[in-house]
There are 2 protein chains.
Amino acid sequence: MAVTRRDDTCAPPAAAPVPAAGGRRPRADRARQVADVLRRQVLYGDLRSGALPAEAELVREFGASRNTVREALALLRAEGLIERCPGVGTHAVAEKYPHGLERLLGLAETLREHGEVANEVRLTGLITPSREISSRLGTPGGEPVVYIERIRRLNGLPLSLDLTYIPRDLGEPLLAEDLVRNDIFVLLERIAGRPLGRAEVMLEAVNADPHSAATLDAPRGAALLMLERLTHLSDGRPVDLEFIRFRGDRITMSGSMSRA
Amino acid sequence: MAVTRRDDTCAPPAAAPVPAAGGRRPRADRARQVADVLRRQVLYGDLRSGALPAEAELVREFGASRNTVREALALLRAEGLIERCPGVGTHAVAEKYPHGLERLLGLAETLREHGEVANEVRLTGLITPSREISSRLGTPGGEPVVYIERIRRLNGLPLSLDLTYIPRDLGEPLLAEDLVRNDIFVLLERIAGRPLGRAEVMLEAVNADPHSAATLDAPRGAALLMLERLTHLSDGRPVDLEFIRFRGDRITMSGSMSRA
């Protein structure tokens with residue numbers, strides 16, 4: 001690797017890349033670089049469910065030292081993406097599924113090809129919402145709304161913990177439906193008699209608090225992808241406010257963005 | 001709160017919400033529910049840069065016990081979103097900024113209203129890329145590409161660590177530009193003489209490895225929002241492959257999604 005170090009943030013722009021003598025660079029920086037490229041191949045590319053190339057091959061492929069490659073593999077192992085079996089080699093073990101950022105889909109709709117989504121319904125009922133909830137759902141202050149709390153599993157593995165608020169006129173009929181096997185999106189459209197339209201989403205990465213971690217069978221402090229989503233019917237009426245904690249090791253979000 | 005517990009994942013759908021006697025529910029579950037509503041108000045709503053209502057007021061607002069409200073505040077405090085000063089009260093302290101999921105914008109473009117983005121350019125140079133990088137950038141195998149590694153700061157606070165790969169014909173002129181003050185997106189458009197078009201993105205939540213955490217001045221294991229993004233020119237040519245680790249406590253991603 002021909003590289004130039006620039007430690008001074010105020011340095012003038014480099015004229016052209018200058019090979020650094022000996023390429024002295026912390027191994028952890030080089031390992032991250034290798035791991036980032038391998039990550040996608042392991043998750044969704046040619047290394048998905050299979051053996052990884054031997055270390056010697058990765059050394060050639062990345063033009064990196066054997067120790068750098070080992071450290072890159074250690075990073076992916078720490079994330080639970082690969083496993084190393086002595087005498088057998090390293091292989092991909094990620095159970096991480098893509099959730100689309102573009103089209104508004106329920107989890108069971110999205111993951112149909114990956115297996116069966118089943119919901120553990122922890123809690124359902126009418127609550128008197130705070131002003132913030134009433135205001136976002138467009139319901140009169142003080143009017144009860146339906147609250148639903150679910151753990152969502154794919155093939156038995158916890159994916160997410162979902163807290164859902166729905167206006168009473170749609171939420172009460174929803175509670176008579178099978179919430180274990182169905183996405184709320186699909187049920188809501190049936191009950192409302194019209195399709196969903198748009199949703200505003202906010203995505204964050206947060207460390208799981210101890211209780212959320214335990215609820216999701218994840219280690220304490222595990223990285224969660226937190227999604228807040230307000231979904232509207234096609235006529236613009238807000239009907240579904242959700243706070244979703246996805247296990248970071250189980251879900252990726254993918255989509256496309258446009259400059260224009 | 002009138003609620004029904006359902007611990008059996010295979011239970012038949014509930015007929016209607018039944019108030020649970022006494023609403024016996026782990027306090028941590030109720031605290032999470034309160035914290036999730038407050039989180040957005042603290043980040044982007046009416047509680048943004050200011051004092052939070054007194055505990056007694058939150059108790060009324062959420063119909064929750066004082067202990068539940070305290071536990072909810074403790075959750076937000078653990079995430080660094082609020083601070084409690086004895087004798088003064090609790091106030092919002094989050095320095096977390098919204099990044100759009102819809103329109104493809106550079107960080108400085110996006111955060112213009114929040115302050116100045118400055119990039120610490122840690123490394124620039126030509127590298128011989130792995131097959132995966134060549135293939136995604138559409139460059140001939142073995143042809144060098146430009147690699148740029150930056151820490152991006154807003155008002156001095158680290159936001160992200162960005163690893164960027166760019167085809168040589170565009171990347172070399174880029175290295176002659178001021179990478180400290182400018183977004184690569186803006187520079188690329190100038191050099192290519194045409195606008196950027198679309199980008200494919202993949203978002204994940206991951207725990208920071210020790211070295212990435214140290215690089216971003218974040219605690220070990222901190223939740224990171226990891227973004228992999230391949231950006232194309234308006235004519236479809238892929239020109240910018242980035243691997244970005246955002247500090248989870250500094251960035252939220254927001255946008256809208258459509259059902260149709």
Side-chain angles (χ1 to χ4, degrees), chain A residues 1-6 9 13-15 17 28 33 36-37 40-41 61-63 75 79 104 120-121 123-128 130 132-133 163 175-179 195-207 209 211 221 223-225 228 243 248 252-259, chain B residues 1-6 9 13-17 28 33 36-37 40-41 61-63 75 79 104 120-121 123-128 130 132 163 175-178 180 195-207 209 211 221 223-225 228 243 248 252-259:
Chain A
M1 223 188 269
V3 291
T4 313
R5 278 203 80 75
R6 285 213 254 160
T9 57
Q33 212 182 325
D36 281 358
V37 176
R40 187 181 211 274
Q41 293 178 274
E61 178 64 20
F62 287 94
L75 288 172
E79 281 192 55
L104 192 59
E120 176 189 338
V121 182
L123 193 75
T124 61
L126 277 176
I127 63 162
T128 304
S130 68
E132 168 81 4
I133 300 284
L163 281 51
L175 295 181
E177 301 283 341
D178 175 7
L179 293 171
L196 296 170
R198 296 191 71 75
E200 291 118 41
V201 300
M202 180 171 90
L203 266 172
E204 300 174 81
V206 300
N207 290 98
D209 64 89
H211 191 257
L224 304 178
L225 200 54
E228 201 205 279
F243 300 85
T252 61
M253 296 271 172
S254 34
S256 85
M257 297 168 72
S258 173
R259 179 73 166 163
Chain B
M1 219 187 271
V3 290
T4 312
R5 278 203 79 74
R6 285 214 255 160
T9 58
Q33 212 182 325
D36 281 359
V37 176
R40 185 180 213 275
Q41 292 178 275
E61 177 65 19
F62 286 95
L75 287 173
E79 281 190 55
L104 192 60
E120 176 190 337
V121 182
L123 192 75
T124 61
L126 276 177
I127 63 161
T128 303
S130 68
E132 169 80 4
L163 281 51
L175 295 182
E177 301 284 340
D178 175 7
V180 174
L196 296 171
R198 295 192 72 76
E200 291 119 42
V201 301
M202 179 170 90
L203 265 172
E204 301 172 81
V206 301
N207 289 100
D209 65 89
H211 191 257
L224 304 178
L225 200 55
E228 201 204 280
F243 300 85
T252 61
M253 296 271 172
S254 34
S256 85
M257 296 167 72
S258 174
R259 178 74 166 163

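Numbers restart at 1 for each chain; the letters A, B, ... are given by sequence-line order, proteins then strands. Being a predicted model, the structure only gives us computed values, none of them experimental.
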Check: Roughly how far apart are I133(A) CD1 and E61(B) CD, rounded to 0.5 Å?
Finding: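 Result: 10.0 Å between the selected atoms.
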
Item checked: Rounded distance [0.5 Å steps], CZ in R198(A) versus OG in S258(B) -> 5.0 Å

Notebook entry, point to check: Side chain, backbone, both or neither: which part of E200(B) has a heavy atom under 4.5 Å from chain A?
Noted result: both

Next item on the list: Would you sort out whether E228(B) and T252(A) count as a side-chain contact (heavy atoms from CB on, under 4.5 Å), showing the intermediate values?
Entry: CA-CA 11 Å; E228(B) 201 204 280; T252(A) 61; over 6 Å; no

Among [options], which residue forms the greatest number of heavy-atom pairs with chain A at distances under 4.5 Å?
options: V37(B), V206(B), N207(B); result: N207(B)
options: G248(B), G197(B), A28(B), A205(B); result: A205(B)
options: S130(B), G221(B), P195(B); result: S130(B)

Taking every non-hydrogen atom, the tightest pair across [X] and [Y]:
X: L203(A); Y: L225(B); answer: O-CD2, 4.4 Å
X: M257(A); Y: V201(B); answer: SD-CG1, 3.6 Å
X: I127(A); Y: Q33(B); answer: CD1-NE2, 4.1 Å

Next item on the list: Examine whether an atom of L224(A) lies under 4.5 Å from a heavy atom of chain B, and if so say whether it belongs to the side chain, the backbone or both; otherwise answer neither.
Entry: backbone

Notebook entry, point to check: Which answer fits L163(A), side chain, backbone, both or neither, if we ask what part of it has an atom under 4.5 Å from a heavy atom of chain B?
Noted result: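 Looking at L163(A), just its side chain touches chain B.
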
Next item on the list: Could you go through the side-chain contact (heavy atoms from CB on, under 4.5 Å) check for E132(A) and R40(B) one step at a time?
Entry: CA-CA 9 Å; E132(A) 168 81 4; R40(B) 185 180 213 275; 4.1 Å; yes

